[in-house]
Amino acid sequence: MIGSSRTYAIGMAHFQLAGGWKSLLILCGGYLVLLGVGLGIFYYVDISSGSRTGISSAAVTLTLMLEALVLIVIGSMRVSTAIRTDLTSKMIESHRLMPVPSWRAVAGYMLGAGMHPLVFALMNVVIAYVFAFATSTNLVNVTINQAALFSFAALMWVMACLATFFAR
């Protein structure tokens with residue numbers, strides 16, 4: 001129990017340093033507003049032109065591409081920055097004194113610093129499924145794509161952790 005609470009403390013510290021719940025809600029709310037405005041403009045132009053094509057399956061692909069950018073690039077950078085900050089400020093020395101296994105410390109860095117990109121990506125998963133359902137896209141393919149993306153993002157986050165620790 002002690003190890004899990006300390007892992008939680010490491011993760012939550014980096015989550016709070018990134019702005020915490022307030023910045024997460026602003027980020028997600030702003031994205032939903034921009035998405036709603038974009039869809040509104042799309043439907044306005046679609047109705048005004050008289051074509052009434054509606055959303056195509058490209059919307060699912062665009063959602064997946066945005067999700068990949070956020071998870072792989074931004075998520076990896078945030079995890080790496082959190083570790084680099086602890087190395088620079090010598091906070092890593094206090095972490096070493098805690099009786100926490102190394103995998104739990106790395107999990108704390110990944111979940112704490114990567115919480116904003118992770119929640120943003122999970123929100124995009126829901127949006128992708130809504131678009132896939134609206135366009136009659138095969139939901140199994142969407143699920144496989146999402147699973148592959150999250151697996152690759154987890155690999156990239158672990159690689160970012162390793163690279164940051166090795167290249168001090």
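When reading the values below, keep in mind they use all heavy atoms of this one structure, side chains included, and skip hydrogens, waters and symmetry mates.
Shortest non-hydrogen contact noted between G75 and P117 is CA-CG, 3.8 Å. N124 and E67 make their closest contact through CB-OE1, 3.7 Å (heavy atoms, listed as atom of the first residue, atom of the second, distance). Across V60 and A132, no two heavy atoms sit closer than the pair CG2-N, 3.5 Å. When all heavy atoms of M110 and A154 are compared, the pair lying nearest together is CE-O, 4.3 Å.
In this structure, CG in L118 is found 13.0 Å from CD1 in I74, a value given to the nearest 0.5 Å. Distance check, rounded to the nearest 0.5 Å: CZ of F165 to OG of S80 gives 10.0 Å. The distance from the CG atom of L35 to the SG atom of C28 is 12.0 Å, given to the nearest 0.5 Å. I72 CD1 to M159 CE: the interatomic distance, rounded to the nearest 0.5 Å, is 13.5 Å. Rounding to the nearest 0.5 angstrom, the gap separating the CG atom in L64 from the CG atom in L69 is 11.5 Å. Note that CG of L62 is 12.5 Å distant from CD1 of I127, once rounded to the nearest 0.5 Å.
In this structure, the side chain of W157 engages the main chain of L71 through a donor-acceptor pair within 3.5 Å. Between the R78 side chain and the G114 main chain, no donor and acceptor come within less than 3.5 Å of each other.
Y129 pairs by the ring-ring contact (aromatic ring centres under 6.0 Å, His included) definition with nothing, not counting sequence neighbours. Qualifying ring-ring contact (aromatic ring centres under 6.0 Å, His included) partners for Y31, counting only residues two or more places apart in sequence or in other chains: F120.
Under the 4.5 Å side-chain heavy-atom criterion for Ile, Leu, Val, Met, Phe, Trp and Tyr, I26 and M123 are members of distinct hydrophobic clusters. Residues L66 and L32 are members of one and the same hydrophobic cluster, defined by side-chain heavy-atom contacts under 4.5 angstrom among Ile, Leu, Val, Met, Phe, Trp and Tyr. Under the 4.5 Å side-chain heavy-atom criterion for ILVMFWY residues, no single connected hydrophobic cluster contains both V130 and L149. Follow the hydrophobic side-chain contacts under 4.5 Å out from L155 and you reach I83 in the same cluster.
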Before you tell me yes or no, could you show the steps for F150 and L122 under side chain to side chain contact (heavy atoms under 4.5 Å, CB included), namely the whole-Å CA-CA distance, both residues' side-chain angles and the distance that decides it to 0.1 Å? CA-CA 10 Å; F150 274 92; L122 289 174; 3.9 Å; yes

Checking side chain to side chain contact (heavy atoms under 4.5 Å, CB included) for the pair V73/M156: CA distance, chi angles, key distance, verdict? CA-CA 9 Å; V73 177; M156 293 305 296; over 6 Å; no

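Remark: the R84 side chain and the T88 side chain contain no N/O donor-acceptor pair separated by less than 3.5 Å.
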